[in-house]
J.: 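Here it is, the structure, as structure tokens.
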Amino acid sequence: MSDFEVARRQKQEPTATLLVRAIVCFALFLGGFALIGIGAIGGAASSPYLFVAGILAVGLAFGLPMAGATER
């Protein structure tokens with residue numbers, strides 16, 4: 001048998017902070033999909049920029065919760 005144990009956090013963030021971070025990430029995720037959709041169907045010159053901005057927003061939505069994370 002292995003002696004696997006999860007490393008404990010040094011300090012827990014307040015619940016309000018975690019909730020706000022989750023809502024912001026969800027909004028970035030949905031907003032990114034909206035930008036991708038607008039950039040994909042639009043015929044304007046800014047369409048490629050909107051598409052790339054949507055991809056970056058979705059990527060940020062996944063990366064933001066990992067800010068400050070450490071390897072266990």
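Here the structure is a predicted model, which is why all the values come from computation and not from measurement.
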J.: Consider side-chain contact (heavy atoms from CB on, under 4.5 Å). Of V24, V58, L64, which one does F29 pass it with?
T.: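 The residue from V24, V58, L64 that satisfies side-chain contact (heavy atoms from CB on, under 4.5 Å) with F29 turns out to be V58.
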
J.: Testing the basics here: between A44 and P48, what is the closest heavy-atom pair and its distance to 0.1 Å?
T.: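 Heavy atoms of A44 and P48 come nearest at O-CD, 4.4 Å.
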
J.: Any idea which heavy atoms bring C25 and A61 closest together, and the distance?
T.: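 Heavy atoms only, the tightest pair is O-CB, 3.4 Å.
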
J.: F62 and F51: same hydrophobic cluster, using ILVMFWY side-chain contacts below 4.5 Å?
T.: yes

J.: Would you call F26 and I23 a side-chain contact if the rule is heavy atoms closer than 4.5 Å?
T.: no

J.: State, to 0.1 Å, how close G54 and L35 come at their nearest heavy-atom pair, and which atoms those are.
T.: CA-CB, 3.6 Å

J.: Can you hop from Y49 to I55 via hydrophobic side chains spaced under 4.5 Å?
T.: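 No.
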
